[in-house]
2 protein chains.
Amino acid sequence: MKYITIKDIAKKLNTSVSTVSRAFNDKSDISAKTKELVLKTAKEMGYRQNRMAKNLVQKRTYNIGIVVPEFVNSFFPEVIMGAQEVLFKKGYQVLITQSNECYTTELKNVQSLENSMVDGLLISLSSETDNIDYYQDLVNSGFPIIFFNRTYKEIKASKVLFNDYKWAMFATEHLIRQGYKNIYHLQGIKSLTLSKERRRGFVDAHKKHKLTYDKSQVITSGFHMEDGEKIAAQLIENNTIPDAIFAANDQLAMGAMSVFKKHGFKVPKDIAFVGFSESKMGSMVEPPLSSVKQPTFEIGKQAAKLLLDQIEAGTKHTPQTVKLDGELHIRESSLKK
Amino acid sequence: MKYITIKDIAKKLNTSVSTVSRAFNDKSDISAKTKELVLKTAKEMGYRQNRMAKNLVQKRTYNIGIVVPEFVNSFFPEVIMGAQEVLFKKGYQVLITQSNECYTTELKNVQSLENSMVDGLLISLSSETDNIDYYQDLVNSGFPIIFFNRTYKEIKASKVLFNDYKWAMFATEHLIRQGYKNIYHLQGIKSLTLSKERRRGFVDAHKKHKLTYDKSQVITSGFHMEDGEKIAAQLIENNTIPDAIFAANDQLAMGAMSVFKKHGFKVPKDIAFVGFSESKMGSMVEPPLSSVKQPTFEIGKQAAKLLLDQIEAGTKHTPQTVKLDGELHIRESSLKK
DNA sequence: TGAATTTCCGAGAACGTTCTCGGAAATATT
DNA sequence: AATATTTCCGAGAACGTTCTCGGAAATTCA
């Protein structure tokens with residue numbers, strides 16, 4: 001597969017590579033006639049620009065990399081769409097990469113993108129990631145990078161976050177106000193800042209309403225539906241039946257709910273459920289699941305904007321944190337009639 | 001932000017760039033001692049390899065691009081995971097790009113990747129794409145590219161497809177055998193080969209069982225849940241109530257089902273539903289939705305393998321088509337008791 | 001008509017790597 | 001001890017672009 005280069009075009013037209021290059025880059029110092037001629041013959045010859053060479057001399061790629069842990073749930077896809085909207089408008093391309101919740105591939109992805117493939121990075125950490133040294137070094141080296149949603153408090157860098165504490169508290173309070181007293185929290189993966197914040201909201205809601213609360217009411221697991229199912233089965237086996245469950249995401253809530261339903265419990269009469277990060281699926285199940293809706297699209301947009309600002313500013317930027325709010329969508333799964 | 005290059009390292013160590021390069025590339029003609037020294041100081045100096053330069057001289061990137069129309073549904077994410085598994089093992093990186101069902105951005109994505117960003121491409125066309133000239137040219141130029149799922153019969157290139165005809169026929173026959181006689185087909189977007197194949201299966205099942213069939217039983221729309229809802233509302237308004245619906249995907253089926261349910265129809269007693277491309281959501285709704293399960297993971301793996309073969313073979317490859325089979329998962333939504 | 005200005009173009013360096021080639025030093029072989 | 005072989009390294013071209021600089025040709029101005 002022989003590539004056509006601007007040299008070939010120049011030779012054919014008996015001109016110089018400079019002229020050909022000028023034609024492609026909308027430079028002013030070229031006559032309209034020759035420009036047209038170059039463009040025409042380039043097309044005829046099947047010329048395709050070599051971005052590697054171009055990027056090499058220009059030292060920028062107009063690519064932005066996005067690293068997410070997964071996209072089987074619609075959460076990250078929606079964030080990505082938000083980011084794309086901003087980035088496309090500014091002429092950037094978006095390269096997405098998926099870590100599969102695995103720290104090693106996450107690192108490989110980042111390194112691959114970071115090495116002059118992209119001008120900046122949007123990243124949400126995998127649930128496995130617990131070592132942030134590499135990222136901190138990268139940030140310190142001046143590489144433009146924005147963390148969103150899944151991140152660590154300790155990282156000193158720009159972030160776009162959801163106000164997990166506040167909305168976890170709201171969600172819990174909603175349950176308390178409905179009269180539920182023995183509420184359990186499925187916190188998912190313990191180590192993530194986001195989990196800690198949601199748990200803190202859960203606990204503080206209890207304090208605020210002077211409700212007793214015991215450590216055993218918070219249960220750690222993964223983030224998948226299967227985890228929710230397992231926990232529910234365990235609770236039923238131990239015969240410790242909560243009257244409400246607040247889960248750190250919809251998957252956990254739905255998993256648990258389906259098991260409880262299968263065992264004859266009525267939702268929300270016997271046991272109520274509230275999820276988090278509203279998923280489309282949540283509103284389709286029976287009964288529809290109450291959940292905290294995150295502004296996914298907006299998260300993506302904000303992160304992209306922050307990144308572009310940072311790229312513009314060069315080394316002279318200061319880390320910024322944007323914290324966004326959402327809504328609590330109350331549905332049947334948590335409504336005492 | 002000043003980048004450290006191998007020249008800087010060479011200067012510091014009073015050696016040549018060749019030696020430094022050798023150290024990084026596991027070449028044999030370098031002593032273990034100097035290699036270690038180079039690697040150590042490189043790390044100290046914060047060296048990061050410039051992939052642009054490397055790729056430029058090597059004329060390959062070890063990147064594979066994937067272009068999908070969307071990933072809000074889990075179908076494409078699962079395919080991607082399958083592809084990643086194969087590609088990672090062979091040392092390739094994966095760059096994903098999303099067209100948002102828009103031909104223009106699809107083309108932009110492809111062009112951006114094609115221009116020496118990747119060694120090959122895996123692509124599933126957007127629903128809007130109806131001009132395949134660009135792709136055919138690309139294939140003819142020798143660029144390694146595999147089409148999967150959403151493609152056109154007319155494109156002469158390697159493909160990984162699902163046996164849509166066969167399984168649409170199975171699904172329809174299942175309904176017929178259950179005793180349903182007035183079956184409608186929601187075919188989604190008409191122009192896609194995949195839609196045509198599924199419709200052909202639907203029609204031929206009728207022929208095979210000597211069931212009368214009228215053109216009005218096939219309804220065209222988009223592929224989203226909202227489209228299913230609209231169609232159902234329309235059918236109800238016109239008072240043309242099918243006794244079963246076979247939809248080209250789960251979203252359409254679920255959309256329609258929810259509207260029928262809202263209007264008091266009992267599923268599957270009054271009206272049955274079968275979807276396609278089984279989604280996780282389908283098994284969570286009430287009643288659980290029957291659907292044809294596609295081997296998403298396997299599709300990704302096969303496509304990746306085909307692509308790697310093609311890259312190996314260089315220009316000397318012949319287009320190949322792999323057609324995969326699935327399973328019909330029968331659930332309550334189509335089970336006459 | 002001659003000078004000043006503008007328009008257009010070519011030569012060649014630069015970007016950061018890899019890779020081939022030739023050769024010096026070290027080691028093995030006779 | 002002399003030769004043959006192996007091990008290791010440096011010089012410099014090459015990859016395909018962009019970009020600066022200088023200058024010729026064309027145009028404008030007086």
Side-chain angles (χ1 to χ4, degrees), chain A residues 1-39 41-42 45-63 111-112 114-119 143, chain B residues 1-39 41-42 45-63 91 111-112 114-119 141 143:
Chain A
M1 188 163 52
K2 163 87 178 98
Y3 284 106
I4 311 286
T5 73
I6 54 173
K7 277 186 195 165
D8 299 323
I9 303 177
K11 206 178 288 170
K12 180 152 191 175
L13 290 177
N14 254 321
T15 178
S16 70
V17 290
S18 319
T19 305
V20 178
S21 173
R22 269 186 272 258
F24 286 116
N25 292 290
D26 270 332
K27 298 286 172 180
S28 56
D29 54 349
I30 185 174
S31 73
K33 213 177 65 186
T34 47
K35 180 172 170 178
E36 202 178 335
L37 181 67
V38 169
L39 259 33
T41 56
M45 295 174 74
Y47 168 73
R48 287 209 308 262
Q49 189 184 54
N50 186 318
R51 280 285 293 270
M52 295 291 150
K54 178 179 182 151
N55 295 342
L56 182 59
V57 7
Q58 294 196 149
K59 293 188 167 224
R60 65 184 301 181
T61 64
Y62 279 99
N63 285 147
Q111 288 171 337
S112 156
E114 163 211 340
N115 287 335
S116 42
M117 294 284 297
V118 298
D119 297 343
F143 190 83
Chain B
M1 187 163 52
K2 165 85 178 98
Y3 284 105
I4 310 285
T5 73
I6 53 173
K7 276 186 197 167
D8 299 324
I9 302 177
K11 205 178 290 171
K12 180 153 191 174
L13 291 177
N14 256 321
T15 177
S16 70
V17 290
S18 318
T19 304
V20 178
S21 174
R22 269 186 272 258
F24 287 116
N25 292 290
D26 269 332
K27 297 287 173 181
S28 56
D29 53 347
I30 184 174
S31 72
K33 212 176 67 186
T34 48
K35 181 171 169 178
E36 201 179 336
L37 181 66
V38 169
L39 259 34
T41 56
M45 295 174 74
Y47 169 74
R48 287 210 306 263
Q49 189 184 52
N50 187 320
R51 280 285 294 268
M52 296 291 152
K54 177 179 184 154
N55 295 341
L56 182 59
V57 9
Q58 295 198 145
K59 292 188 168 224
R60 64 182 307 180
T61 64
Y62 279 98
N63 286 147
Q111 289 172 336
S112 157
E114 161 210 340
N115 285 334
S116 40
M117 294 285 295
V118 298
D119 297 343
S141 82
F143 190 83

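Quick note on labels: first sequence line is chain A, next is B, and so on, each numbered from 1.
For the atom pair OG1 of B/Thr41 and OH of B/Tyr47, the computed distance is 11.5 Å after rounding to the nearest 0.5 Å. With rounding to the nearest 0.5 angstrom, the CG atom of B/Leu13 is 11.0 Å from the CG atom of B/Asp8. We find the CG-CZ distance between B/Asp119 and B/Phe143 to be 8.0 Å, quoted to the nearest 0.5 Å. Here the CE-OG1 distance, from B/Met45 to B/Thr5, works out to 8.0 Å after rounding to the nearest 0.5 Å.
Within the helix from C/dT1-D/dA30 to C/dT30-D/dA1, the inter-axis angle between the opening and closing five-pair segments is 30°, rounded to 10°.
Within the structure, salt bridge (charged side-chain N to carboxylate O under 4.0 Å, His left out) pairs that include any residue of residues 19-34 of chain A comprise A/Arg22-A/Asp29, A/Asp26-A/Lys35 (at least two apart or interchain).
Taking atom NZ on A/Lys27 and atom P on C/dT7, their separation rounds to 17 Å, with Å as the unit. Computed from coordinates, the B/Asp29 CG to C/dG22 P distance equals 15 Å when rounded to whole Å.
The stretch residues 30-39 of chain B does not touch DNA chain C, since none of its heavy atoms comes less than 4.0 Å from the strand.
Phosphate contact (OP1/OP2 of D/dG12, side-chain N/O of B/Ser18, threshold under 4.0 Å): absent.
The shortest distance between side-chain heavy atoms of A/Tyr3 and A/Asn50 does not fall below 4.5 Å. A heavy-atom distance below 4.5 Å is not found between the side chains of B/Met52 and A/Lys54. Put simply, the side chain of A/Thr15 does not reach to within 4.5 Å of the side chain of A/Thr34, judged on heavy atoms.
Every residue two or more places apart in sequence or in another chain that forms a side-chain contact (heavy atoms from CB on, under 4.5 Å) with A/Ser112 is listed here: B/Arg51, B/Asn63, B/Gln93. Under the rule for a side-chain contact (heavy atoms from CB on, under 4.5 Å), the partners of B/Gln111 that lie at least two apart in sequence or sit in another chain are B/Leu107, B/Glu114, B/Tyr134.
Residue-level contact check: B/Arg51 touches neither bases nor backbone, having no heavy atom under 4.0 Å from any strand. If you check every strand for non-hydrogen atoms under 4.0 Å, B/Thr19 touches sugar and phosphate atoms only.
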Under 3.5 Å, which N/O atoms of the protein pair with N/O atoms of nucleotides 14-17 of chain C?
| from | atom 1 | to | atom 2 | distance (Å) |
| --- | --- | --- | --- | --- |
| C/dG16 | OP1 | A/Lys59 | NZ | 2.9 |
| C/dT17 | OP1 | B/Tyr47 | OH | 2.9 |
| C/dT17 | OP1 | B/Asn50 | N | 3.4 |
| C/dT17 | OP2 | B/Ile6 | N | 2.9 |
| C/dT17 | O5' | B/Tyr47 | OH | 3.2 |

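Side chain to side chain, A/Ser18 and A/Ser21 fail the donor-acceptor criterion of an N or O pair below 3.5 Å.
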